[in-house]
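Chain letters run A, B, ... following the sequence lines, proteins first and then strands; every chain starts at 1.
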Amino acid sequence: MDRKPRVRFAPSPTGPLHMGGVRTALYNYLFAKKMGGDFILRIEDTDQNRFVEGSEQYIINSLKWSGITPNEGVGFGDGPYAPYRQSERKLIYRKYAEQLVKEGHAYYAFDTPEELEEVRLGMEADKSTFSYNSITRNNLKNSLTLSVEEVKKHLDSGNAYVIRIKVPANEELRVNDIIRGWVVVNTIEMDDKVLFKSDGMPTYHLANVVDDYLMKITHVIRGEEWLPSAPLHVLLYRFLGWENVMPAFAHLPLLLKPDGNGKLSKRDGDRLGFPVFPLNWKDPQTGELSSGYREKGYFPEAFINVLLLLGWHPEGNQELFTMDEMIEAFSLDRVNKAGAKFDPEKTKWFNQQYLKKHSDDDLAKIVMKDIQNKLKTGEIIFDESCPSNFESLISNLDYVKEAVRITREKVHFTNEFWSVCHFFFIPTDTYEAAFIAKKWSDKAKEFFGTLKQNYLNLKIFDLASIENIFKEIAIASGVKPGEYMQLFRVLLIGVSMGPALFDTAALLGKDEVIRRIERALKKLP
RNA sequence: GGCCCGUUCGUCUAGGGGUUAGGACAUCUCCCUUUCACGGAGGAAACGCGGGUUCGAUUCCCGCACGGGCUACCA
């Protein structure tokens, strides 16, 4: 049966979207695009208790920033299967749950949470584990054990109840996973999962199967944490009579902590100092702030490129991919089986690769915005110590562009530019002490005095003249030019490490270079 | 505990019955540069263990170990 490939990303609005979730969305998106199919976003908000204000919008914003755009779904325009928010589909699920009861594949259960807890405790005391299954259900309060009248009485009196699936006693269930092959489970191991909750909402198991059927989903691509319940879902498709249009399953490996064990969590980011979320997120309850890749200064292209390679590998050795290249190269059968430890170091390298693709002009514009930003946050302080031309310099595109050109190979992120080129905008008044102690001398003082005079007389203050004069004077005073080059850098920018010396001087310009030499001469012993 | 999934350099991974086990990040050395960085060259670095099957297993099978996931009226 040939159906148009349709896949879905179906997160719960229970908090910020984890980068693992973004990867799942990415793989779904790439698969859909590659196959010429549809990619939909469905919001699975059936748990009212865990609902977190703002997280749905966060999910939408994250996908948008990442360039992963669904062609149907919440926040991206309704398609033919709206609504895409499960809470708005509430009435749909009951019908199917009742149908399952009618056909003997599910049953009403009236046990209260307290009663169940009691049974659980009793069995634990007996050193066994409680499970609501084909054996225990015979001793519990449900429509299988109660008489028709009693069941009717419970239902009519409005007593709380749930609907549970009636798992067969001893049957082999097989799931063919695209990534893992056949997974076989005996129904003995399964419990009678709740399908329909007492609050009138379905559980994930029912809602996901019903919606995937109704929305004509052909491939379910989701995290490995769902693998254990996949057999249950297969059983549901069978009971509902939909096995012939059941989607294919692909369970993705998990993203693991960089160190130690376990899956990647918010805590790891805090602990190790890297984001685990695409965007900044402020918890509406606690006010706690979690940092995002966007605000850390990552290009979205770098972010998803990292995600792409965490669990998937192309046929060749290509590492850098445009979105189109990802779509072209992607296939589910090259997805890995094993979980991937996330390495924050490599993400920095990826960002640098993307930074290198940008022109000086692009970067300069970004840097100018970043400077404004840093002024606002107080990271850059503009006060009396700033020269009068500070504001004209930071808004001079050509000047910033040149600063970018001669420092760009030093940074991984655009927001690092300030730390490597601030001295082009704010003159220094301190000089690297250790270096001065070692290299500053009367002879050097004399040298720079002469240099200043010569620069002063220079008509055209360009790169070649700056360098030639420097070298001529050095030779005339009997030293190798290299001897004073780093010292010159210290006089100009305060530190011995920095961009190419004569480029630096050229950008600063004649007047500023002379001012800085004079200031240093005055300040240094 | 039970069930399910997994296991190639520190990390992401390629590969697959006979290979010098390949690439990338990180790391180290050298070159470039009288700085840093970039770039270039090179180095160190891996098939978890034990049994099979086979002329030959890192590759296939089994067991073990280890890791991960699930085990809610959460998704």
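Nucleotide U35(B) has no partner under the Watson-Crick or G-U criteria, as no pair reaches both atom distances under 3.5 Å. Nucleotide C70(B) forms a pair with G2(B), judged by Watson-Crick or G-U wobble geometry with both contacts under 3.5 Å. With both pairing distances under 3.5 Å, C55(B) is matched to G18(B) as a Watson-Crick or G-U wobble pair. In this structure, A24(B) forms a base pair with U11(B), meeting either the Watson-Crick or the G-U wobble geometry with both donor-acceptor distances under 3.5 Å. Using the Watson-Crick or G-U wobble rule with both distances under 3.5 Å, A41(B) pairs with U29(B). Figure legend. C49(B) is base-paired to G63(B); pairs are counted as Watson-Crick or G-U wobble with both atom distances under 3.5 Å.
With Val335(A) as the partner, the side-chain contact (heavy atoms from CB on, under 4.5 Å) test is satisfied by one option alone out of Ile221(A), Ile179(A), Ile178(A): Ile179(A).
At a threshold of 4.0 angstrom between heavy atoms, the contacts of Lys263(A) are confined to the sugar-phosphate backbone, with no base atom among them. Pro231(A) comes within 4.0 angstrom of nothing in the nucleic acid, heavy atoms only. Among the heavy atoms of the strands lying under 4.0 Å from Ser496(A) is at least one base atom, whether or not backbone atoms are also near. Val194(A) comes within 4.0 angstrom of the backbone, heavy atoms only, and of no base. Residue-level contact check: Lys127(A) touches neither bases nor backbone, having no heavy atom under 4.0 Å from any strand. Counting non-hydrogen atoms under 4.0 angstrom, Asp111(A) reaches a base of the nucleic acid. Note on Ala230(A): nothing from the nucleic acid sits closer than 4.0 angstrom, heavy atoms only. Counting non-hydrogen atoms under 4.0 angstrom, Ser128(A) reaches nothing in the nucleic acid. Residue contacts for Arg164(A): at a heavy-atom cut-off of 4.0 Å it reaches the sugar-phosphate backbone alone, with no base atom in range. Heavy atoms of Pro11(A) sit nowhere under 4.0 angstrom from any nucleic acid atom.
Residue Arg120(A) has its side chain nearest to A72(B) when only G39(B), C25(B), A72(B) are considered. The side chain of Ser12(A) approaches A75(B) more closely than any other nucleotide in the set C4(B), U34(B), A75(B). Closest approach to the Tyr204(A) side chain among U34(B), A75(B), C25(B) is made by A75(B) (side chain taken as heavy atoms from C-beta onward). Relative to the side chain of Thr129(A), the nucleotides U71(B), G1(B), A75(B) differ in distance, and G1(B) lies closest. Of the candidates A75(B), U35(B), A24(B), the closest approach to any side-chain atom of Glu44(A) belongs to A75(B).
One interatomic measurement links the two molecules: CH2 of Trp349(A) to P of U27(B), which rounds to 14 Å at whole-angstrom precision. One interatomic measurement links the two molecules: CG of Asp212(A) to P of A75(B), which rounds to 15 Å at whole-angstrom precision. Here A37(B) presents its C1' atom at 5 Å from CD of Glu409(A), a figure rounded to the nearest Å. Between the C1' atom of U34(B) and the CZ atom of Phe470(A) lies a distance of 11 Å, rounded to the nearest Å. Distance CG (Asn208(A)) to C1' (A75(B)): 10 Å, rounded to an integer number of Å. Rounded to whole Å, atom P of C73(B) lies 17 Å from atom CE of Met201(A). One interatomic measurement links the two molecules: CG of Asn351(A) to C1' of C25(B), which rounds to 14 Å at whole-angstrom precision. Remark: P of C3(B) and CG of Asp191(A) are 15 Å apart, rounded to the nearest angstrom.
Nucleotides A45(B) and U11(B), compared at atom C1', are 12 Å apart to the nearest Å. With both ends at atom C1', the span from U8(B) to A57(B) equals 14 Å, rounded to whole Å. G42(B) and G67(B) have their P atoms separated by 39 Å, given to the nearest Å. Across C5(B) and G10(B), the matching C1' atoms stand 24 Å from one another, rounded to whole Å. Between the C1' atoms of A44(B) and C9(B), the separation comes to 10 Å (whole Å). A gap of 25 Å separates the P atoms of G40(B) and A46(B), to the nearest Å. Only the C1' atoms considered, C66(B) is 25 Å distant from U53(B), to the nearest whole Å. Separating the C1' atom of C62(B) from that of C55(B) is a span of 22 Å, rounded to the nearest Å.
Within the 4.5 Å cutoff, side-chain heavy atoms of Val210(A) are placed close to those of Tyr96(A).
A donor-acceptor contact closer than 3.5 angstrom is absent between the side chains of Asp361(A) and Ser359(A). Judged purely by distance below 3.5 Å, without hydrogens or angles, the side chains of Arg180(A) and His251(A) never pair a donor atom with an acceptor atom. Counted by atom type alone, Tyr161(A) and Asn142(A) present zero donor-acceptor pairs between their side chains at under 3.5 Å.
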Check: What is the per-nucleotide protein-contact pattern of nucleotides 5-15 of chain B, from the 5' end, where B denotes a base atom under 4.0 Å from a protein heavy atom, S denotes such proximity for sugar-phosphate atoms only, and - denotes neither?
Finding: SSS---SBSSS
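Toward the 5' end of RNA chain B, the nearer of the two residues Phe350(A) and Ala500(A), judged by each one's closest nucleotide, is Phe350(A). Of the residues near RNA chain B, Leu116(A) and Gln352(A), the one whose nearest nucleotide (by heavy atom distance) lies more toward the 5' end is Gln352(A).
Between Asp192(A) and Lys166(A), none of the side-chain N atoms (NZ, or NE/NH1/NH2) sits under 4.0 Å from a carboxylate O, so this pair counts as no salt bridge. Electrostatic pairing of Lys341(A) and Asp343(A) does not count as a salt bridge here, judged by no charged N lying under 4.0 Å from a carboxylate O. Ion pair Lys141(A)/Glu115(A) flagged as a salt bridge, since at least one NZ, NE, NH1 or NH2 atom sits closer than 4.0 Å to an Asp/Glu carboxylate oxygen.
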Report all side-chain donor-acceptor pairs from residues 7-15 of chain A shorter than 3.5 Å, counting only partners two or more places apart or in another chain.
| unit_1 | atom_1 | unit_2 | atom_2 | d |
| --- | --- | --- | --- | --- |
| Arg8(A) | NE | Asp212(A) | OD1 | 2.9 |
| Arg8(A) | NE | Asp212(A) | OD2 | 3.2 |
| Arg8(A) | NH2 | Asp212(A) | OD2 | 3.1 |
| Ser12(A) | OG | Glu44(A) | O | 3.1 |

Between side-chain atoms of residues 473-500 of chain A and protein atoms elsewhere (two or more places apart, or another chain), which donor-acceptor pairs fall under 3.5 Å?
| unit_1 | atom_1 | unit_2 | atom_2 | d |
| --- | --- | --- | --- | --- |
| Ser477(A) | OG | Ile473(A) | O | 2.8 |
| Ser477(A) | OG | Ala474(A) | O | 3.1 |
| Arg489(A) | NE | Pro499(A) | O | 3.3 |
| Arg489(A) | NH1 | Ser496(A) | O | 3.1 |
| Arg489(A) | NH2 | Pro499(A) | O | 3.3 |
| Ser496(A) | OG | Glu432(A) | OE1 | 3.1 |
| Ser496(A) | OG | Glu432(A) | OE2 | 3.1 |

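In this structure His205(A) satisfies the ring-ring contact (aromatic ring centres under 6.0 Å, His included) test together with His233(A), sequence neighbours excluded. Scored by the ring-ring contact (aromatic ring centres under 6.0 Å, His included) test, Tyr431(A) finds no partners at all (sequence neighbours excluded).
Using a 4.0 Å cutoff on non-hydrogen atoms, no part of residues 85-96 of chain A comes near RNA chain B.
Aromatic pair His422(A)/Phe417(A): centroids not less than 6.0 angstrom apart.
Dashed line: the shortest gap from a side-chain N or O of Lys197(A) to OP1 or OP2 of A75(B) is under 4.0 Å.
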